[in-house]
There are 2 protein chains.
Amino acid sequence: MTTAAESASKAAGKAVSKSGLAYDWLHEQIVAGDLPPGARLVLSQVAEKLDVSVVPVREAVRRLEAEGLVTFEKNVGATVAGIDPVEYLYTMQTLSLVEGAATALSAPAVGPADIARAREVNARMRECLHDFDPVQFTALNREFHSVLFEHCPNPHILDLVHRGWNRLKALRGSTFSYVPERAAESVEEHEQLLSLIERGAPTAEVELAARRHRSATLDAYLARTGESPGFPTL
Amino acid sequence: MTTAAESASKAAGKAVSKSGLAYDWLHEQIVAGDLPPGARLVLSQVAEKLDVSVVPVREAVRRLEAEGLVTFEKNVGATVAGIDPVEYLYTMQTLSLVEGAATALSAPAVGPADIARAREVNARMRECLHDFDPVQFTALNREFHSVLFEHCPNPHILDLVHRGWNRLKALRGSTFSYVPERAAESVEEHEQLLSLIERGAPTAEVELAARRHRSATLDAYLARTGESPGFPTL
DNA sequence: TATACGAAAATCGTATACGAAGTCTCGGGG
DNA sequence: CCCCGAGACTTCGTATACGATTTTCGTATA
């Protein structure tokens, strides 16, 4: 018999312990959107599905809670977190902060090969613009930015960036995932960002540009919904 | 009989579950420095000391791991994290990033009463300068900055600030905790920071000042040890 | 003496079992 | 018809037990 656990293990190829297996499986399900926000996670059910006991599942859920991907209420249960609009604002603001820094800190280590790769990805994003393919566009967008921030030498900041992206990705399918008005602008800003990095612009300048690039999406979202942030912006 | 668990519970007054109890106790021990970096945490021993079983302790340790306060190696055990100098650099850099943002975002909500309180704390820091009392100075320093960033409306950023401070506090007693050359400067910069906030300076300006205030301590540390960061700074 | 090997101890990882707390349902009363 | 309470049901929280893995230490051998 082939359990869901085994296929998850095969897919990720990195689960070493059973708690790690449960974590990987749940993380994948949530980030991929198969477990939508608000979905309930019953420990015993997950345990049975993965053919493990509840203890490792419990541990996995607590880890996901620490990442902000699920909320865990005492004696009630775990639910996939995320649909609160204000939470979206917080996440975007935090991501704009840490991603801006990560991109700036990465910049000196970004070589011509990385630049070329990013340009290629950006070109494909342009195509998605014509084809009206938001899903692919979103995926490419993450790939583009990954190239720019993955060389960040500070692992803490890099980890925060990953967490922010994962939180956002978990919201795909919800209202916030894609702001059409921003898509075209975004592709242009990507080009400007690459130019800055290519010419070795000062760290502060790259940081500001990268931060603005993201917070502009937040602004567009706010403009579209007609909401006011209700708190200061960076 | 009075167990260590009960006294910890009484001290914090917030432990609801046993895993929460174990977490609180370990967190307090680590942050207070009673469990120095490198100390080994054996689950069964901690469990016995707190008069609970190993399962809640295990969960507490994983939570602490997520915060970066302990490292947990498979089939080996948990140790209190922290003495690596490069790790100190990463932590300080991250803290300078998030604390700068938190302070800037707090600024509009900081009222005259807060300002007055901060001034009072800063005055006491001046006294510590004369009395050569680094421990008290460090404590007051945290209190001072708490007043400035605790109004941060974004809970994610605020949480990151708390984590950073806790990590640093856990290192007290190690080489990094106190940079004498910075103490005097620091008190002056506090005054400048208060002036900025008092007059309602732009968010970006407050952020930069708060960030610089912290990263300057990092620079002083590097200057003293003669080390080079080996990676870009913000 | 240094090193390789093996057994024993220590410690973690997980399964199972039971108790505690919360939630839902259904029946009775207003 | 609506409100409310007792019971059962669901789900988490923790304890205990056992297996798996690593480390340690003694011993024999080159």
Side-chain angles (χ1 to χ4, degrees), chain A residues 1 3-6 8-9 12-27 29-30 35 37-81, chain B residues 1 3-6 8-9 12-27 29-30 35 38-67 69-81:
Chain A
M1 148 188 179
T3 64
E6 288 169 24
S9 169
K14 59 182 173 179
V16 287
S17 61
K18 300 207 175 177
S19 71
L21 180 75
Y23 173 82
D24 289 342
W25 186 79
L26 285 171
H27 189 279
Q29 294 285 311
I30 293 172
L35 286 171
R40 279 198 77 171
L41 299 176
V42 178
L43 298 189
S44 57
Q45 290 177 4
V46 176
E48 190 181 2
K49 187 172 191 65
L50 268 57
D51 197 31
V52 299
S53 98
V54 296
V55 180
V57 176
R58 177 187 172 82
E59 181 174 322
V61 169
R62 295 313 283 248
R63 272 213 278 166
L64 292 166
E65 184 192 22
E67 278 184 61
L69 259 49
V70 310
T71 59
F72 201 36
E73 205 173 344
K74 179 181 170 73
N75 288 319
V76 173
T79 60
V80 178
Chain B
M1 150 187 184
T3 64
E6 288 171 23
S9 170
K14 59 183 173 181
V16 287
S17 62
K18 300 206 175 177
S19 69
L21 181 75
Y23 172 82
D24 289 341
W25 187 79
L26 285 171
H27 189 279
Q29 293 285 312
I30 294 172
L35 286 171
R40 194 114 188 257
L41 298 177
V42 178
L43 297 190
S44 56
Q45 290 176 5
V46 176
E48 191 181 1
K49 186 171 192 66
L50 268 58
D51 197 29
V52 298
S53 100
V54 297
V55 179
V57 176
R58 177 186 173 81
E59 180 174 322
V61 168
R62 298 306 293 243
R63 273 213 278 165
L64 292 166
E65 183 192 22
E67 279 185 61
L69 259 50
V70 309
T71 59
F72 201 37
E73 205 174 345
K74 180 182 167 71
N75 287 320
V76 173
T79 59
V80 180

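This is a predicted model, so every value here is computed, not measured. The analysis underlying the following values was restricted to heavy atoms, covering all of them including side chains, and did not include hydrogens, waters or symmetry mates.
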Each nucleotide of nucleotides 18-24 of chain C classed B (base within 4.0 Å of a protein heavy atom), S (only sugar-phosphate) or -, in 5' to 3' order, makes ---SSS-
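Of all non-hydrogen atoms in B/Leu43 and B/Val61, the two that sit nearest each other are CD2-CG2, 3.8 Å. Across all their heavy atoms, A/Ala22 and A/Pro56 have their closest contact at CB-O, 4.3 Å. The heavy-atom pair separating B/Ala78 from B/Phe72 by the smallest distance is CB-CD1, 3.3 Å. Counting all heavy atoms, side chain and backbone alike, A/Gly68 lies closest to A/Ala81 at O-CB, 3.8 Å.
Atoms CD and CZ, on A/Glu59 and B/Arg62 in that order, are 4.0 Å from each other to the nearest 0.5 Å. Separation of atoms OG1 (B/Thr79) and CD (B/Glu73) is listed at 8.0 Å; rounding is to 0.5 Å. The CG atom of B/Leu41 lies 10.0 Å from the CD atom of B/Gln29; values are rounded to the nearest 0.5 Å.
Less than 4.0 Å separates DNA chain C from at least one heavy atom of each of the following residues of residues 55-66 of chain A: A/Val55, A/Pro56.
A 3.5 Å limit on both hydrogen-bonding distances identifies C/dG30 as the Watson-Crick or G-U partner of D/dC1. When both pairing distances are held under 3.5 Å, D/dT29 makes a Watson-Crick or G-U pair with C/dA2.
The existence of a salt bridge linking B/Glu65 and A/Arg63 is excluded, since no basic side-chain nitrogen approaches an acidic carboxylate oxygen closer than 4.0 Å.
Read 5' to 3', the first and last nucleotides of DNA chain D with an atom closer than 4.0 Å to a heavy atom of chain A are D/dT11 to D/dT14.
The side-chain heavy atoms of A/Arg40 and A/Val76, taken from C-beta on, include a pair separated by under 4.5 Å.
Here the rule is side-chain contact (heavy atoms from CB on, under 4.5 Å) with B/Val80, and of B/Leu26, B/Leu35, B/Leu69 only B/Leu35 fits it.
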